[in-house]
Amino acid sequence: MSFSQGIVQAQNPADQTTGAQAASNQSNAPAAAPRPLPRPRRSSDDTRAVEKLNAWTVGLAGGQLEGAPIRFASDIARVVDDGDNLHVLPIVTRGPTENLEALLYLKGVDVAIINSDALEQFKTVVPDIQKRITFILSLFPSELHVFVRPEIRSLADLNGRKVNFNTPGTTAAYSGPLIFAHLGLDVEKTFIPHQVALEQMRSGQGDMEAVVFITSKPIDAFSHGKWEGGFKFLPIPFDPAGLYLPATLTAGDYPQLIPQGEDVRTIAIPTILAAFNWPNGTDRNKRVARLTEYLFDRLDTLQGPGFHPKWKDVALNAKVPGLERLPAAQEWLDGRTAARQVAASGRDNAGSAPPDAAAVPANLDKQKLFQEFLEWQRVHGK
C-alpha cells in the first residue's frame, strides 16, 4: 500500500477492503514499472551543453492565463519542441499590449502574440515600430460583440450610458475604448468582470446598458445562456482603411439572439504571432527562423485534435495590415508555392505528381482562397 492510499483509507473507513480482498486485488493487478527519479540533464559545469541549450531557446510572450493567446503559445511550444535544437518558453504576461512592450524591450523575448491595433498606439512613442517588428503568422480573429439591453436600439443610444469593457489587461479593456473613440461614442466606461456586468444587465440594476466582448466566437454566455426578448448585438460599421477585418455574427453562432437567416455585421481584431526584426544572420534571427520553419512544417498537427480549435482557421497566406512578414516565413511560403507549381506541372505532363509534391501543404490553396475572400470583403463590405 502506498502512503497516499493509506491516507485515503484512513479518511474513508467505509471504503476499506479486508486484508484478503486487498491481497487478491493486488495479485490480479499488473505490476507497475518503477519510475526513475528525475535527474539533471546537464551539469552546471558543462559549459558547452548550457550554451547549446540557450542558443536555441526562444522566449514567447503569450498573455494572461485565462486568455486564448497563452493557449496558442503553449500549443506552439509543444509542437515545435526539438530538445536542445529548439526550445520555446511561453511567458505569462499582463496582456496583449504588454506582449508588444515585451517584444520591444524585454530581454529574452523574441516572439510575441499581439493584437494588430496595439501597433498603432505604440507609433506615438516608437515611430519606426513597423521596421522593428515583423509578423510570422496571422493566428485568429477576435470578433467585437457589443451586447445591449432592449431599450438600446443603436450605437448612438449608448452615448452617456454605462458600458463594461471587462477587466484591465484583457483585449476588450484595451481595444474596446479605442474602437468606441474611433466611432465617436462617449460612454461611461467600467472595467469589472463581464459575469458581474451581465448579471447587472439582466436584472436591470446598476444602470449597465451594454457589455463589450472582444474574443473568438461563439461566446458561451450568449450561445448557451438564456436571454429575454430584446437583448441583442449591435452592428458595427467596417472601415476598409482601418486596422480591423470585417466579420459577422450569425444565427449559427447565437441561435437564441439572432433570427435564422439573419446576421449582425461587426469587425474583428487580427491576433498576430509577431517577431522582433533581428538583423539577418544573427543568432537570435536564426532562432526565430528555425521556430518559423518548424511551426509551418507542423501546422497540420496543430490543426488536428488536442489543440485549440481556432488553429483550423489559421491561413498561412493571410496578411497583416501595416506589417511586413518575417523574411524566413516568406521564404518558406515562396518555396512551397514553387514546389506546388512543380507538382502541378508534373501532373499535367506525366499524369501523376512527382514525389516532392507530398511535402506541399494540402491547405495552401484553401489559404489563398481565404485571403482573396478577405480582400473581397474589404471592398464589398461583406
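Below, each value reflects all heavy atoms present in this structure, side chains not excepted, and no hydrogens, waters or symmetry copies.
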Kindly indicate whether the side chain of Leu104, heavy atoms from C-beta on, has any atom under 4.5 Å from the side chain of Ile129. yes
May I ask you to decide if the ring planes of Phe233 and Phe147 are parallel, tilted or perpendicular, using 30° and 60° as cut-offs? tilted
Gap between atom CZ of Phe276 and atom CG of Leu326 - 0.5 Å precision: 12.5 Å
Could you tell me whether Asp81 atom CG has more than 12 heavy atoms of other residues or ligands within 6.0 Å of it? yes
Salt-bridge contact Asp75-Arg71 (side-chain N to carboxylate O under 4.0 Å): yes
Does a salt bridge link Arg284 with Asp110, judged by any charged N lying under 4.0 Å from a carboxylate O? yes
Arg94 atom CZ: more than 12 heavy-atom contacts under 6.0 Å: no
Parallel under 30°, tilted from 30 to 60°, perpendicular over 60°: which one fits the rings of Phe165 and Phe180? perpendicular
Just to verify, which of Val320, Leu273, Asn99 counts as forming a side-chain contact (heavy atoms from CB on, under 4.5 Å) with Ile114? Asn99
So, Thr250 versus Asp253: side-chain donor-acceptor pair below 3.5 Å or not? yes
Quick check: are there more than 12 heavy atoms from other residues, nucleotides or ligands sitting under 6.0 Å from CD of Glu228? no
Result of checking Thr292, Asp297, Thr337 against Trp332 for side-chain hydrogen bond (donor to acceptor under 3.5 Å, both in side chains): Asp297
Can you tell which of Leu234, Ile152, Leu185 makes a side-chain contact (heavy atoms from CB on, under 4.5 Å) with Asp157? Ile152
Any salt bridge linking Arg290 with Glu293? Criterion: basic side-chain nitrogen under 4.0 Å from a carboxylate oxygen. no
If you draw a 6.0 Å radius around CG in Asp334, do more than 12 non-hydrogen atoms from other residues or ligands fall strictly inside? yes
Do Tyr244 and His182 make the cut of ring centroids closer than 6.0 angstrom? no
Might you confirm whether atom CZ of Arg132 has over 12 heavy atoms from other residues, nucleotides or ligands at distances under 6.0 Å? yes
Does Asp82 CG have over 12 foreign heavy atoms under 6.0 Å away? yes
Side-chain heavy atoms nearer than 4.5 Å, only ILVMFWY residues, links allowed to pass through others: does that put Val211 and Val163 together? no
